[in-house]
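What follows is a single structure, written as structure tokens, with notes after it.
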Amino acid sequence: MQLPPQQVAVLEASSADEPRRIADLAAETERPPETVTGAAFELADAGLVDVVEETQEDVELTDEGREYAEDGLPEVRLYEAALELGADDTPVSMGEVIGASGLDGPQVDIALSNYARKGYGDIDGGDLAADSDADPDEDAEAAALESLAAGGSVEDADALDQLERRDLVAVRERTVRSVLLTDAGVTELMAGVEAADEVGQLTPEMLTSGEWRDAAFADYNVEADAGEYQPGKVHVLRQAAERVKEVLIGMGFQEMAGPHVDADFYINDCLFMPQDHPARNHWDRFALSEPEQIDDLPADLVDRVERAHREGVGQDGDGYHSPWDEDFARALALRGHTTSLTARYLSGVAGEDVEPPARYFSVEKAYRNDTLDATHLLEFFQIEGWVMADDLSVRDLMGTFREFYSQFGITDLEFKPTYNPYTEPSFELFGRHPETGELIEIGNSGIFRPEMLEPLGVEADVMAWGLALERLLMLVTGFEDIRDVHGTLCDLEFLRDAEVVY
Ligand code: PHE
């Protein structure tokens with residue numbers, strides 16, 4: 001019988017007595033594992049071999065696991081320090097033991113939370129006692145770590161579970177395939193198999209020479225294992241932004257565009273933010289020094305905005321009775337929210353003739369001089385939006401959010417009244433994190449006040465919001481630290497593998 005060369009090689013290297021792994025066959029036939037897998041499936045289709053699959057778990061130490069394998073588990077180090085200080089005799093103050101152990105940062109908490117659990121002793125009223133019967137040499141987790149670090153395996157399933165729960169090891173499942181000759185395979189081998197000339201890949205040379213006309217081509221095997229490719233791809237956050245845009249366009253919104261650096265006038269003054277508002281001081285904003293000020297502001301708009309700040313609007317309106325200075329309004333800064341775009345569109349300076357009913361949005365960057373932590377960055381994507389119509393109410397606002405977030409599978413929204421100088425009423429919006437169960441703030445919203453709308457020349461009602469794209473993505477994908485997706489600490493594996501699917 002004639003078979004393609006790679007199938008002949010696999011058939012000849014296989015045994016009828018014991019299954020042989022693809023990796024071993026690949027080494028022996030000097031062919032890539034993908035080729036061997038492909039050939040094995042072809043042979044299996046022809047009934048000449050069986051392909052046996054089993055799942056294997058690969059256990060790998062994480063960085064933290066590797067660190068503890070070297071320095072010892074934090075609870076063991078705590079116990080050893082406690083023994084040094086005689087805590088098996090009389091309890092010693094926790095601070096002293098921690099100091100002597102050399103543990104610091106999060107390792108202290110890790111040590112304390114595992115200490116009693118593993119029977120190293122008790123912690124009571126700030127004192128730490130050591131149990132003299134405990135023996136770190138019999139610590140199953142430590143032994144498992146050590147064995148893994150030395151390239152060995154772990155039999156103790158409980159210890160392995162604990163290590164996995166503590167994020168000290170990562171367990172990955174993998175399908176391992178083996179090949180076993182069938183009776184038919186043995187018969188064919190004995191009758192004699194020879195390699196047929198089959199072409200695995202079409203080359204430019206074959207095309208130019210015309211050789212392809214007579215060649216026999218190998219079939220594709222779509223079940224063969226393929227190498228993993230990590231090509232460039234659109235960043236998850238960008239994918240989410242695109243999805244948000246599609247959803248909002250589907251809801252009848254039009255997109256706004258405008259400058260990242262803008263005059264304070266559009267970022268704050270047009271929003272009826274008093275010039276002495278704490279968020280307008282230089283600690284919170286990124287001011288520009290070159291140029292320092294915007295060249296032109298529309299004089300009539302400036303007049304109306306200034307009047308609203310000084311006197312309020314309407315018959316019994318009242319202003320802020322605080323200074324208002326046009327120079328201050330001209331100062332340039334990176335926008336702290338994209339509501340500056342809303343101010344530009346509502347006032348008409350964006351060049352768009354906005355008449356009710358109208359709906360606008362943007363998904364753009366905003367910049368704040370915040371302290372970095374798991375939920376705050378110096379820049380983030382804000383989902384800005386507003387609806388202009390006659391007689392809008394809070395129910396319209398809530399209904400719009402319900403509809404928008406439900407497109408992302410988020411249905412348990414909560415609303416909390418809040419204060420904004422430019423909206424009344426105002427609501428913060430919360431959603432529940434799928435992993436931690438915590439309610440996290442995902443946006444801020446409200447109905448614009450007449451003090452804002454009248455100077456901008458708007459007569460209808462306008463409801464508006466600013467939502468955080470990163471927080472929305474947190475709720476959708478379950479990641480917990482915003483620094484996983486932005487900046488130098490980002491989690492490359494997450495960025496490679498996260499799927500933005502709804
Ligand atoms: N500008 C607000 C923020 O950045 C969001 C917002 C926009 C609130 C419009 C109400 C109306 O948090």
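FYI, the numbering just counts along the sequence from 1.
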*Please test Ser153 against Val59 for side chain to side chain contact (heavy atoms under 4.5 Å, CB included), starting from the C-alpha separation and ending with a verdict.*
CA-CA 8 Å; Ser153 59; Val59 183; over 6 Å; no
*Check the pair Arg344, Asp262 against side chain to side chain contact (heavy atoms under 4.5 Å, CB included), reporting the backbone distance first and the verdict last.*
CA-CA 10 Å; Arg344 282 176 168 266; Asp262 210 347; 2.8 Å; yes
*Evaluation steps, side chain to side chain contact (heavy atoms under 4.5 Å, CB included), between Leu168 and Leu73*: CA-CA 10 Å; Leu168 304 183; Leu73 284 166; 4.0 Å; yes
*For side chain to side chain contact (heavy atoms under 4.5 Å, CB included), just list the numbers for Met388 and Leu346, CA-CA rounded to whole Å, side-chain angles, deciding distance to a tenth of an Å, and then say yes or no.*
CA-CA 9 Å; Met388 179 197 282; Leu346 287 178; 3.6 Å; yes
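Taking the six-membered ring for Trp, Tyr345 and Tyr360 have ring centres closer than 6.0 Å.
Within the 4.5 Å cutoff, no side-chain heavy atoms of Phe380 are placed close to those of Arg471. Between Ile110 and Glu64, the closest side-chain pair of non-hydrogen atoms falls below 4.5 Å. Residues Glu242 and Val234 fail the side-chain proximity criterion, which asks for heavy atoms closer than 4.5 Å. Contact of the Phe401 side chain with the Phe415 side chain is registered, since non-hydrogen atoms from C-beta on lie closer than 4.5 Å. At a threshold of 4.5 Å between non-hydrogen side-chain atoms, the residues Glu435 and Met474 do not count as touching. Considering only heavy atoms from C-beta on, Ser178 comes within 4.5 Å of Arg21 through its side chain. The shortest side-chain heavy-atom distance between Leu78 and Asn114 does not fall under the 4.5 Å cut-off. Side-chain contact between Arg335 and Tyr266 is absent, with no heavy atoms from C-beta onward closer than 4.5 Å.
Contact between Ala40 and Val51 at its shortest, heavy atoms only, is O-CG2, 3.8 Å.
Rounded to the nearest 0.5 angstrom, Leu467 CG and Phe404 CZ are separated by 6.0 Å. Rounding to the nearest 0.5 Å places CD of Glu384 at 5.0 Å from CE of Met256. Here the CG-CD distance, from Leu439 to Glu428, works out to 11.5 Å after rounding to the nearest 0.5 Å. Atom CD in Glu438 sits 9.5 Å away from atom CZ in Arg432 (nearest 0.5 Å). Separation of atoms CZ (Arg243) and CG (Leu473) is listed at 13.0 Å; rounding is to 0.5 Å.
For the salt bridge (charged side-chain N to carboxylate O under 4.0 Å, His left out) test, residues two or more places apart in sequence or in another chain that qualify with Glu141 are Arg117, Lys118, Arg166.
Sparse packing is recorded around CZ of Arg238, with 12 or fewer heavy atoms of other residues, nucleotides or ligands lying under 6.0 Å away. Around CD of Gln230, the count of heavy atoms belonging to other residues, nucleotides or ligands within 6.0 Å exceeds 12. Within a 6.0 Å sphere centred on CD of Glu53, heavy atoms belonging to other residues, nucleotides or ligands number more than 12. The number of heavy-atom neighbours closer than 6.0 Å to CD of Glu84, taken from other residues, nucleotides and ligands shown, is 12 or below. In this structure, Asp183 places its CG atom where only 12 or fewer heavy-atom neighbours from other residues, nucleotides or ligands lie under 6.0 Å away.
Salt bridge status for Glu80 with Arg77: absent, with no side-chain N to carboxylate O gap under 4.0 Å.
Side-chain contact, Tyr79 with Glu75: no donor N or O sits under 3.5 Å from an acceptor N or O. Residues Thr338 and Gln382 bring a donor and an acceptor atom of their side chains to less than 3.5 Å of each other.
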Could you tabulate the donor-acceptor pairs under 3.5 Å formed by side-chain atoms of residues 479-492, not counting sequence neighbours?
from: Asp481; atom 1: OD1; to: Arg483; atom 2: N; distance (Å): 2.8
from: Asp481; atom 1: OD1; to: Arg483; atom 2: NE; distance (Å): 3.0
from: Asp481; atom 1: OD2; to: Arg483; atom 2: NE; distance (Å): 3.4
from: Asp481; atom 1: OD2; to: Arg483; atom 2: NH2; distance (Å): 2.9
from: His486; atom 1: NE2; to: Glu470; atom 2: OE2; distance (Å): 3.0
from: Asp491; atom 1: OD1; to: Glu493; atom 2: N; distance (Å): 3.2
from: Asp491; atom 1: OD1; to: Phe494; atom 2: N; distance (Å): 3.1

With a cut-off of 3.5 Å and sequence neighbours excluded, list every side-chain donor-acceptor pair involving residues 98-106.
from: Ser101; atom 1: OG; to: Ile98; atom 2: O; distance (Å): 2.6
from: Ser101; atom 1: OG; to: Leu103; atom 2: N; distance (Å): 3.1

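When His337, Glu379, His260 are each tested for a side chain to side chain donor-acceptor pair (under 3.5 Å) with Tyr367, only one passes: His260.
Distance alone, capped at 3.5 Å, places no donor-acceptor pair between the Ser445 side chain and the Ala464 backbone. Although no hydrogens or angles enter the test, the distance criterion places a donor-acceptor pair under 3.5 Å between the side chain of Ser209 and the main chain of Glu211.
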